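Structure first, then comments.
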Amino acid sequence: MFFLVLVPFLGQSKPSGSFHKILRLVLFSVFILELFMTIFLMYYKPPTTWLNHRSSDSTKNIQNVYTATNDKNMTIVLIWLWPFGTKYEANVCSSIFNIEGCFITADRNFYSKSDGVVIHHREIAGDLSNLPKSQRPPFQKWIWMNFESPSNSEQIPGINNLFNLTLGYRRDSDIHVAYGSIVAADTVEDFVPPSKNKLVCWIVSNWSPDFTRSKYYDELKNHIKIQTYGRAFQKSLSKNDYLNTMSSCKFYLSFENSVHKDYITEKLYIPLSVGTVPVVLGTTRENYENFVPRDAFIHVDDFKSPKELADYLLLLDKNQELYLEYFRWRRHFRASINSVAENTCKACNYLRWKNEYRAFKNLNKWFWG
Ligand SMILES: *[C@@H]1O[C@H](CO)[C@@H](O)[C@H](O)[C@H]1NC(C)=O
Ligand SMILES: *[C@@H]1O[C@H](CO)[C@@H](O)[C@H](O)[C@H]1NC(C)=O
């Protein structure tokens, strides 16, 4: 573009009046400015945040929508209500989880074409007024998604005969999704835990004196120093601080808010993933061992009293060799945390491979029993 300015500038071969001098000066300045601009633009790559994300996303979505509506082999899963407000969409399954042929959307215009509709329990209103109202297509399955335990899930009478499939932490769910999993390590080598400057830690937001875990803590703290964080202790941690704090503790109290079969949450899997030994309180040791190696955690039931547990933790604190025994499993495995997005992809995968008729007639009895 600066060539346009260059042409008249070069044409001025002889010096003339002061008007022309000023004109030449102005043109010359513009020329230099444009030269710099051009060089700048040639070499400068703007950060992606400059670009309008929405436009590139929606292009991708249009492509996906096209594929979803035209490819008979594409399974469409409609997320009726965002679980915990976390959003994920379209090709998350194939791009992140290697699950092909799934189209995940929250766009309700897809209702009549959706093979499955995922409905997260916590988001259902008591009067069911926020559930789909149009006629359910004959092939469509409604999937009841719930990650909370019965103690912390509101029982809604009307949901008894609505669903076709269950998705949750219980192993007898149609689509079983745990909060995390123990997966094969990428390489076989001894695991070295991160450096520690705290002994026992506990991060907790939800406090009730009636919880079994609160009573246990109240007794345990008389025998061993426990560093506490979280809303319950007016010491909330950011996501980053959360992981850093957890990994700097030798032991973490993975105390569940309620005791139910298979109810084992991220309170166990996060410490396992960052290299901290979880001390669990929840379902039985036997039940925990269905999900994680027996030497990866300490169970409060292994001890007659909180004092005995404290004595054992103090012993491990002094004996590094004994402490490291709790990381032997890491030679062959590692812990991963499952996301709600991944769980939705698993639901889609289930629909792809098991497309027979299915109705679930007794949700309330099954879950709240
Ligand atoms: C449909 O998808 C399945 C699973 O991804 C694949 O095995 C099969 O080859 C696909 N069929 C067609 C016709 O694309
Ligand atoms: C899903 O469950 C509902 C309610 O029990 C039932 O009416 C419907 O026929 C079932 N659909 C499929 C595809 O299994």
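What you see is a predicted model; the values in this text were computed from it and never measured. In each ligand, atom 1 is the first atom listed, and ligand 1 is the first ligand listed.
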Backbone, side chain, both or neither: what part of F139 comes under 4.0 angstrom of ligand 2, heavy atoms only?
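The answer is the backbone of F139.
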Using a heavy-atom cut-off of under 4.0 Å, does the side chain or the backbone of Q140 touch ligand 2, or both, or neither?
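Backbone only; the side chain of Q140 stays clear of ligand 2.
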To check your reading of the model: name the closest protein heavy atom to [atom], its residue, and the distance in Å.
atom	result
atom 2 (O) of ligand 2	N164 ND2, 2.3 Å
atom 5 (O) of ligand 2	K361 NZ, 3.1 Å
atom 4 (C) of ligand 2	N161 O, 3.4 Å
atom 6 (C) of ligand 2	Y357 OH, 3.8 Å

Lys NZ or Arg CZ of [X] over [Y] ring: under 6.0 Å, within 45°:
X	Y	answer
R330	F191	yes
R285	F297	yes
R171	F291	yes

Does any N or O atom in K141 lie less than 3.5 angstrom from one in ligand 2, N or O only?
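No, there is no polar N/O contact under 3.5 Å.
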With ring centroids as reference points, do Y169 and Y263 lie under 6.0 angstrom apart?
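Under 6.0 Å, so yes.
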Does the side chain of D127 pick up a donor-acceptor pair with the side chain of S129 at under 3.5 Å?
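A pair is found: one side chain offers a donor N or O, the other an acceptor, under 3.5 Å apart.
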D302 vs Y312, side-chain contact (heavy atoms from CB on, under 4.5 Å): CA-CA, chis, key distance, verdict:
CA-CA 10 Å; D302 298 342; Y312 181 66; over 6 Å; no
Please list, in number order, the atoms of ligand 2 under 4.0 Å from a heavy atom of R136.
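Taking each heavy atom of R136 in turn, ligand 2 has 1 (C), 2 (O), 3 (C) under 4.0 Å.
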Atoms of ligand 2 less than 4.0 Å from R358 heavy atoms?
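Listed by number with element, the hits are 1 (C), 2 (O), 10 (C), 12 (C), 14 (O).
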Any non-hydrogen side-chain atom of N257 less than 4.5 Å from a side-chain atom of S149?
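SC-SC contact between N257 and S149 confirmed.
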Would you say that L167 contacts V118 through its side chain, given a criterion of any heavy-atom pair below 4.5 Å between the two side chains?
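L167 does not reach V118 side chain to side chain.
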To which of P137, A359, P138, G116 does the heavy atom nearest atom 13 (C) of ligand 2 belong?
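Closest candidate by heavy-atom distance is P138.
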Report yes or no: does E356 have a heavy atom closer than 4.0 Å to ligand 2?
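Contact absent.
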